[in-house]
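One is the number of the first residue; the rest follow in order along the sequence.
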Amino acid sequence: MDEIDRRIINALQTGFPISERPYLEAAQALGLSERELLERLETLLQEQTLSRFGPLYDAEAMGGALTLAAMRVPEERFEEVAGIVNGFQEVAHNYARRHTLNMWFVLATETPEQLRDTLDEIERRTGLTVYDMPKITEYFVGLKLEA
């Protein structure tokens, strides 16, 4: 990663223009052409320096639902269960943990009703209990990772 990539990553974490040509506007603020910005973002994604580039939506404000869930997965079934859980388009993140509850994932659905249905379906397909840990209070941390 060179200095220009660092500037792109650091700048675009704290805001992205909402306009007819947002990439052009962002590129101009960085002293780049629109094409160069798009090519650099594509390269950062292809090289997996970035895992994702896109907006974060407040699913609950849009009528959806979110929850953090955990499972106790026998080690010998971990990969199998991870494949089942990751096969649900509603699963946003899935992490292995060194804990009795060794699989943690975030679930986002279009409606609150779909959340319970999806948790139930994961339990049915894996044969394992899913522990639902819904958000009680939301905090805005403002996380920014310096490149």
Side-chain angles (χ1 to χ4, degrees), residues 1 5 7-30 32 34-35 37-147:
M1 176 183 342
D5 289 339
R7 284 193 305 122
I8 291 170
I9 291 170
N10 291 334
L12 298 185
Q13 287 183 69
T14 55
F16 194 74
I18 297 174
S19 67
E20 192 170 315
R21 303 257 324 253
Y23 288 96
L24 175 63
E25 195 173 319
Q28 289 173 336
L30 290 161
L32 305 171
E34 182 180 35
R35 174 179 290 276
L37 175 60
L38 289 168
E39 288 174 355
R40 283 180 172 271
L41 286 171
E42 186 61 35
T43 299
L44 289 167
L45 290 166
Q46 287 176 355
E47 294 174 348
Q48 297 184 334
T49 301
L50 298 178
S51 61
R52 178 183 177 276
F53 180 78
L56 291 174
Y57 297 104
D58 184 344
E60 291 171 323
M62 297 179 352
L66 291 171
T67 198
L68 176 64
M71 298 172 73
R72 180 180 307 151
V73 181
E75 285 303 320
E76 66 275 9
R77 291 193 58 210
F78 197 88
E79 290 302 318
E80 171 211 346
V81 172
I84 293 169
V85 171
N86 292 344
F88 284 82
Q89 66 181 6
E90 297 87 351
V91 173
H93 313 285
N94 188 357
Y95 303 96
R97 297 281 186 219
R98 290 188 188 141
H99 185 269
T100 301
L101 298 173
N102 57 350
M103 182 179 290
W104 292 72
F105 53 94
V106 173
L107 203 59
T109 59
E110 292 182 19
T111 66
E113 296 77 24
Q114 287 177 316
L115 189 68
R116 187 68 251 165
D117 292 345
T118 304
L119 292 169
D120 290 345
E121 184 63 15
I122 290 171
E123 284 188 340
R124 189 189 68 73
R125 290 175 57 184
T126 63
L128 300 169
T129 301
V130 177
Y131 297 91
D132 181 17
M133 298 176 221
K135 173 179 60 180
I136 296 172
T137 303
E138 183 166 329
Y139 299 93
F140 180 74
V141 177
L143 174 65
K144 180 181 177 195
L145 304 174
E146 197 72 29

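- Within 6.0 Å of CD on Q89 lie no more than 12 heavy atoms contributed by other residues, nucleotides or ligands.
- In terms of modelled atom types and a separation under 3.5 Å, the side chain of Q13 and the main chain of I9 share a donor-acceptor contact.
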- For the pair E25 and I18, evaluate side-chain contact (heavy atoms from CB on, under 4.5 Å) and give the outcome as yes or no after the intermediate values. CA-CA 9 Å; E25 195 173 319; I18 297 174; over 6 Å; no

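- Other residues, nucleotides and ligands contribute at most 12 non-hydrogen atoms within 6.0 Å of the CD atom of E20.
- Looking only at side-chain heavy atoms (C-beta outward), T67 and V106 stay at 4.5 Å or farther from each other.
- To the nearest 0.5 Å, atoms CG (D132) and CD (E123) are separated by 9.5 Å.
- Shortest non-hydrogen contact noted between G63 and P112 is O-CD, 3.5 Å.
- Judged by distance alone, the side chain of E47 and the main-chain N or O of L44 form no donor-acceptor pair under 3.5 Å.
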- Query: Does the side-chain contact (heavy atoms from CB on, under 4.5 Å) test come out yes or no for Q28 and L24, once each step is laid out?
  - Reply: CA-CA 6 Å; Q28 289 173 336; L24 175 63; 3.7 Å; yes

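- L37 contributes atom CG, which lies 4.5 Å from atom CG of L41 (distance to the nearest 0.5 angstrom).
- M103 has its side chain within reach of F78: a pair of non-hydrogen atoms, C-beta onward, lies under 4.5 Å apart.
- Annotation: side chain of F16 is not in contact with side chain of P55 (no heavy-atom distance under 4.5 Å).
- Residues satisfying the salt bridge (Lys or Arg N to Asp or Glu O under 4.0 Å) test with R116, not counting sequence neighbours, are D120.
- Here the CD1 atom belonging to I122 is positioned 5.5 Å from the CG atom belonging to L107, to the nearest 0.5 angstrom.
- Heavy atoms of other residues, nucleotides or ligands lying less than 6.0 angstrom from CZ of R98 number 12 at most.
- Checking E90 against T109 by side-chain atom types alone, no donor-acceptor pair falls below 3.5 Å.
- Considering only heavy atoms from C-beta on, V85 comes within 4.5 Å of M71 through its side chain.
- Taking the side chain as every heavy atom from C-beta outward, T49 and D5 never approach each other to under 4.5 Å.
- The line from CG of L32 to CD of E39 is 11.0 Å long, rounded to the nearest 0.5 Å.
- Between the CD1 atom of I84 and the CD atom of E80 there is a distance of 4.5 Å, given to the nearest 0.5 Å.
- Taking NE2 from H93 and CG from L68, the interatomic distance works out to 10.0 Å, rounded to the nearest 0.5 Å.
- The two atoms that bring A147 and N10 nearest to each other are N-OD1, 2.7 Å, heavy atoms only.
- Formation of a donor-acceptor pair under 3.5 Å by the R97 side chain with backbone atoms of W104 is not found in this model.
- Looking only at distances, no side-chain donor or acceptor of E42 sits under 3.5 Å from a matching main-chain atom of L38.
- The side-chain tip of R21 does not point at the ring of Y23 from less than 6.0 angstrom away and within 45° of straight on.
- The two residues P17 and A26 come nearest to each other via the heavy atoms CG-N, 3.8 Å.
- Using modelled atom types, no side-chain atom of N102 and backbone atom of A96 make a donor-acceptor pair closer than 3.5 Å.
- Of all the heavy atoms in V130 and A69, the pair that sits closest is CG1-CB, 3.7 Å.
- When the shell of 6.0 Å around CZ of R77 is examined, it contains more than 12 heavy atoms from other residues, nucleotides or ligands.
- Scanning for salt bridge (Lys or Arg N to Asp or Glu O under 4.0 Å) contacts around E60 gives K135, with sequence neighbours left out.
- Using a 4.5 Å cut-off on side-chain heavy atoms (C-beta onward), L45 and S51 make no contact.
- Legend: residues meeting ring-ring contact (aromatic ring centres under 6.0 Å, His included) with F105, ordered by chain and number and at least two apart, are absent.
- Using a 4.5 Å heavy-atom cutoff, the side chains of R72 and T129 are not in contact.
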